[in-house]
Amino acid sequence: MAGKPKLHYFNARGRMESIRWLLAAAGVEFEEKFLQTPEDLDKLVNDGSLMFQQVPMVEIDGMKLVQSRAILNYIATKYNLYGKDIKERALIDMYVEGVADLSEMILLLPIAPPGEKDAKLQLIKQKTTNRYFPAFEKVLKSHGQDYLVGNKLSKADIQLVELVYYVEELDSSLTANFPLLKALKARVSNLPTVKKFLQPGSQRKPPMDEESLEEARKIFRLK
């Protein structure tokens with residue numbers, strides 16, 4: 001029997017959090033090996049574990065996978081969260097790329113120069129309410145089904161709900177005009193595997209704070 005997937009990253013959300021969400025939603029237990037020093041990262045690079053010399057990296061099924069999207073696609077395929085055919089996968093990919101566009105803006109917000117943060121936050125809010133959330137609300141309204149694609153849970157639903165949580169952390173009023181999106185969030189959040197992940201004490205990570213930001217700067221030798 002294969003061991004649990006092992007996640008290599010530092011102890012924060014970053015680019016690993018969507019992978020944690022997807023594994024948790026699939027009901028897969030995983031282990032985490034946290035980078036704590038620059039030397040921990042050097043060791044992974046020097047022993048050939050990181051194809052492009054960067055994390056996240058996930059050890060799963062005898063492989064050392066890097067690149068977030070590749071990891072997510074593998075997990076989604078393995079656990080039947082990637083649609084039933086090529087057309088459904090295309091839709092899932094399209095929706096996930098939209099989620100990623102907005103998620104990336106939120107991910108980079110903590111490292112924005114202080115003088116730029118307010119403007120970047122306003123841009124995130126504007127794109128959330130005028131571009132991305134209306135698009136997803138429209139998809140849900142167009143077919144009236146419980147999930148985005150094929151009326152079945154997929155990685156698109158999981159990653160979108162993860163994003164909704166992040167947006168609400170920034171400003172809880174931003175979802176006010178999107179009832180179907182809020183209903184999707186409630187539906188996915190109440191799935192037993194996701195509900196467990198949302199409980200205190202799980203492997204879900206809190207928002208980035210100054211301490212974890214400083215730790216990241218140290219580990220990745222960022223100025």
Is there a side-chain contact between [X] and [Y] in this structure, where contact means two heavy atoms from C-beta onward sitting under 4.5 Å apart?
X    : Y    : value
N73  : K155 : yes
K127 : M105 : yes
D93  : V96  : no
V139 : L180 : no
I19  : I75  : yes
L107 : Y166 : no
V194 : V161 : no
Y147 : R187 : yes

Would you find a donor on one side and an acceptor on the other, under 3.5 Å apart, between the side chain of [X] and the backbone of [Y]?
X    : Y    : result
S189 : A186 : no
S202 : F197 : yes
K205 : Q203 : yes
D146 : N151 : no
S172 : E168 : no
Y9   : R15  : yes
E137 : L181 : yes
Q54  : L50  : no
D157 : L148 : yes
D40  : T37  : yes

Should [X] and [Y] count as an ion pair when the cut-off is N to O under 4.0 Å?
X    : Y    : result
R221 : D42  : yes
R20  : E17  : yes
E88  : K152 : no

Check this for me: [X], atom [atom1], are more than 12 non-hydrogen atoms of other residues, nucleotides or ligands nearer than 6.0 Å?
X    : atom1 : answer
Q126 : CD    : yes
M63  : CE    : yes
I86  : CD1   : no
R217 : CZ    : yes

Indicate whether any N or O donor in one side chain lies under 3.5 Å from an N or O acceptor in the other, for [X] and [Y].
X    : Y    : answer
E169 : Y165 : no
Y95  : S154 : no
K182 : T175 : no
Y74  : D61  : yes

Compare every heavy atom of [Y] with every heavy atom of [X], then report the nearest pair and how far apart it is.
X    : Y    : result
E215 : L35  : OE2-O, 3.9 Å
T193 : A25  : OG1-O, 2.8 Å
L163 : I106 : CD1-CD1, 3.8 Å
L81  : A26  : CD1-CB, 4.0 Å
K117 : A112 : CE-O, 3.6 Å
P56  : M16  : CB-CE, 3.4 Å

Next on the checklist: side chain to side chain contact (heavy atoms under 4.5 Å, CB included), that's the test. Do R204 and W21 meet it? Break it down for me.
Outcome noted: CA-CA 8 Å; R204 183 180 175 223; W21 265 83; 4.1 Å; yes

Item to check | CA sep, side-chain torsions, deciding dist, call: K33, E59, salt bridge (charged side-chain N to carboxylate O under 4.0 Å, His left out) | outcome: CA-CA 10 Å; K33 176 75 173 169; E59 293 185 68; over 6 Å; no

Between atom [atom1] of [X] and atom [atom2] of [Y], what is the distance when rounded to the nearest 0.5 Å?
X    : Y    : atom1 : atom2 : result
K64  : K6   : NZ    : NZ    : 9.0 Å
I60  : I71  : CD1   : CD1   : 9.0 Å
I219 : E39  : CD1   : CD    : 10.5 Å
K43  : D47  : NZ    : CG    : 5.0 Å
K125 : Q122 : NZ    : CD    : 5.0 Å
M57  : S68  : CE    : OG    : 13.0 Å

Checklist entry - With hydrophobic residues grouped by side-chain heavy-atom distances under 4.5 Å, do F34 and V45 end up in a single group? => result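 No, because F34 and V45 fall into different hydrophobic clusters, even though each may have its own neighbours under 4.5 Å.
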
Next on the checklist: side chain to side chain contact (heavy atoms under 4.5 Å, CB included), that's the test. Do I111 and M208 meet it? Break it down for me.
Outcome noted: CA-CA 10 Å; I111 61 173; M208 182 77 86; over 6 Å; no

Next on the checklist: Go through it in stages, so that I can follow the logic: the residues are K195 and L198, the test is side chain to side chain contact (heavy atoms under 4.5 Å, CB included), and I'd like the CA-CA distance, side-chain angles, deciding distance and then a yes or no.
Outcome noted: CA-CA 5 Å; K195 197 170 188 176; L198 292 171; 5.7 Å; no

Next on the checklist: Using side chain to side chain contact (heavy atoms under 4.5 Å, CB included), reason through E214 and E211 one step at a time and then give a plain yes or no.
Outcome noted: CA-CA 5 Å; E214 193 51 45; E211 189 178 335; 5.8 Å; no

Checklist entry - When the aromatic ring centroids of F136 and F178 are compared, is their separation below 6.0 Å? => result no

